[in-house]
Amino acid sequence: MTYDFSSLSRSGLDVREGVTLAPLTTMKVGGPADYFVTVTDEEQLTIAVRWCHGARLPYFVLGGGSNILISDRGVRGLVIYNRSRRVAIEVQDATRALLTAASGAAMAGVARTSIRHSLTGLEWAVSVPGTVGGAVVGNAGAHGGEIKDNLRRAAVLDEKSETIVMMSADFAYAYRDSSLKRKRPLQAGFKPVVLWAEFALASGDEEEARARAGTYLAHRRRTQPVEPSLGSTFVNPPGDFAGRLIEAAGLKGERAGGVEVSSVHANFIINPGGAGSAAAADVLKLVRRIQEQVARQSGILLETEIQLAGDWD
Ligand SMILES: Cc1cc2nc3c(=O)[nH]c(=O)nc-3n(C[C@H](O)[C@H](O)[C@H](O)COP(=O)(O)OP(=O)(O)OC[C@H]3O[C@@H](n4cnc5c(N)ncnc54)[C@H](O)[C@@H]3O)c2cc1C
């Protein structure tokens, strides 16, 4: 099947074929996109998604690639690399402001911007990789905060590529989960896309907010590995910690191909050699081995927090 991308070119969108996705993920593994386009604002994102609907070509929105394990076989369809980064602040009164961020803005950058404007509520996010879109879909959180605490509403292209505005309650947020994530296939498809998100923030003291953010960053540096990874591999089971269970099963340092269980934090699988030195299949092999051995040792089946994306069996 061949596709006519000329209308996208006329909108300034340069579609390329066979682009390797590994460098665009934090794990530095994964194969090529059949087709690949970078969008730099919400209008381009909308155009690309609507074009896919018209052409019946499945799409996959790639944010920071910090929560997905992309198959070595890559992603079929069009990968839309979201670099729409607009951030705007609207002060409401002396105590409140609304911060709107395009879905491709870095969540940590948005948090830093909020602090610079003496706004409080997003400090937890200074240490979380990835984009606003990925965070809104996955209800990202850290240090006792999460997206659902401050999200007021978000604009979404729905399954028919119509723009709708969803209020926070519409996302039915749960731990690292949302109605949108539940709808999301792990392969390219025609699922909803977040365009922008609006956060309700309180005015606060800039120095205090900065100090809180600094504490969170320092905690990360002390407790998490610096090598390429996808962050926490598994969600914590009720009343316990995935890292503790993995360590108790004697799996720190366990290897598969080029990847290994971090000796700093056992819930992290790291790729010490970076791009080109490991395969996504290595990561999945280690994930399965950890699940089996932890289940054998403790009777608990760990559920993955990372998501498989692209062309897996
Ligand atoms: C070192 C490290 C530490 C981490 N620490 C934390 C942490 O403390 N807390 C936490 O919650 N997470 C953490 N993570 C995981 C990750 O940062 C979050 O899940 C993040 O929100 C993913 O965003 P992303 O843009 O990278 O999404 P991606 O990995 O690019 O995509 C994830 C999914 O979201 C979809 N998606 C992305 N953008 C959109 C959009 N605009 N519209 C619709 N769907 C979209 C993708 O299609 C995909 O299905 C960590 C990861 C790393 C590598």
Side-chain angles (χ1 to χ4, degrees), residues 21 24-28 30 33 39 42 45-46 48-49 58-70 75 77-85 101-111 124-148 154-159 161 166 171 173 175-197 216-217 219-221 223-236 262 264-265 267-271 304-310:
L21 299 171
L24 305 180
T25 74
T26 57
M27 187 56 117
K28 309 294 175 205
V39 297
E42 295 126 282
L45 177 54
T46 305
V49 170
Y59 55 84
F60 181 87
V61 177
L62 176 63
S66 63
N67 199 223
I68 46 171
L69 181 62
I70 295 180
V75 181
L78 179 68
V79 169
I80 304 174
Y81 186 37
N82 186 8
R83 311 285 280 171
S84 60
R85 291 169 142 172
S103 56
M107 198 58 224
V110 169
W124 60 267
V126 288
S127 60
V128 177
T131 61
V132 168
V136 167
V137 170
N139 190 25
H143 313 288
E146 56 187 347
I147 284 290
K148 83 171 185 15
V156 172
L157 287 171
D158 68 10
E159 284 99 335
S161 75
M166 290 175 64
F171 286 89
Y173 277 128
Y175 174 59
R176 303 291 171 269
D177 202 12
S178 72
S179 56
L180 236 58
K181 185 169 175 180
R182 289 188 283 275
K183 280 184 185 180
R184 185 144 272 287
L186 299 177
Q187 296 173 4
F190 298 93
K191 290 294 163 181
V193 174
V194 177
L195 292 175
W196 52 258
Y216 299 151
L217 284 167
H219 181 260
R220 288 263 148 157
R221 279 195 286 270
T223 58
Q224 294 188 1
V226 294
E227 294 89 346
S229 78
L230 290 170
S232 294
T233 313
F234 303 97
V235 289
N236 289 323
S262 165
V264 176
H265 191 317
N267 200 15
F268 281 58
I269 292 177
I270 55 170
N271 175 11
T304 49
E305 178 167 335
I306 61 174
Q307 304 168 75
L308 300 186

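The shown structure was predicted, so the numbers you read here are calculated from the model rather than taken from an experiment. Atoms within each ligand, like the ligands themselves, are counted from 1 in listed order. All residue numbers in this chain count up from 1 along the given sequence.
When Ala140, Gly64, Ser66, Ala108 are ranked by how near their heavy atoms come to atom 16 (C) of ligand 1, first place goes to Ser66. Relative to atom 31 (O) of ligand 1, the option among Ile68, Leu24, Leu62 with the closest non-hydrogen atom is Ile68. Among Arg220, His265, Met107, the residue whose heavy atom lies closest to atom 6 (C) of ligand 1 is Arg220.
On a distance-only criterion, Pro129 and ligand 1 share at least one N/O pair closer than 3.5 Å. The shortest N/O to N/O separation between Gly141 and ligand 1 falls below 3.5 Å. Considering backbone and side-chain N/O atoms, Thr131 comes within less than 3.5 Å of an N/O atom of ligand 1. Taking distance alone, with nitrogen or oxygen atoms compared against 3.5 Å, Gly63 approaches ligand 1 more closely than that limit. Residue-to-ligand polar distances keep Ala142 apart from ligand 1: every N/O pair is separated by 3.5 Å or more. Of the polar atoms of Pro192, none of the N or O atoms is found under 3.5 Å from an N or O of ligand 1, judged by distance alone.
When non-hydrogen atoms are compared, ligand 1 lies under 4.0 Å from the side chain of Thr26 (C-beta onward) but not from its backbone. Contact annotation for Asn67 and ligand 1: heavy atoms of both the backbone and the side chain come within less than 4.0 Å of the ligand. Contacts of Arg176 with ligand 1, taken as heavy-atom pairs under 4.0 Å, involve the side chain alone. At a heavy-atom distance under 4.0 Å, atoms from both the backbone and the side chain of Val61 approach ligand 1.
None of Val156, Thr131, Leu45 except one satisfies the side chain to side chain contact (heavy atoms under 4.5 Å, CB included) rule with Ser103; the exception is Leu45.
With sequence neighbours excluded, no residue satisfies salt bridge (Lys or Arg N to Asp or Glu O under 4.0 Å) with Asp158. Remark: Phe234 pairs with no residue by the ring-ring contact (aromatic ring centres under 6.0 Å, His included) rule, at least two apart or across chains.
One N or O on the side chain of Thr26 and one on the backbone of Ser229 form a donor-acceptor pair closer than 3.5 Å. Lys148 places no side-chain N or O within donor-acceptor distance of the main-chain N or O of Asn139, the cut-off being under 3.5 Å.
Glu305 and Asn67 share no side-chain donor-acceptor pair at under 3.5 Å.
Applying the 4.0 Å criterion to heavy atoms of Asn82 picks out, from ligand 1, the atoms 41 (N). For ligand 1, the atoms closer than 4.0 angstrom to any heavy atom of Ser103 are 41 (N). Below 4.0 Å from some heavy atom of Ala135 lie the following atoms of ligand 1, by number and element: 21 (O).
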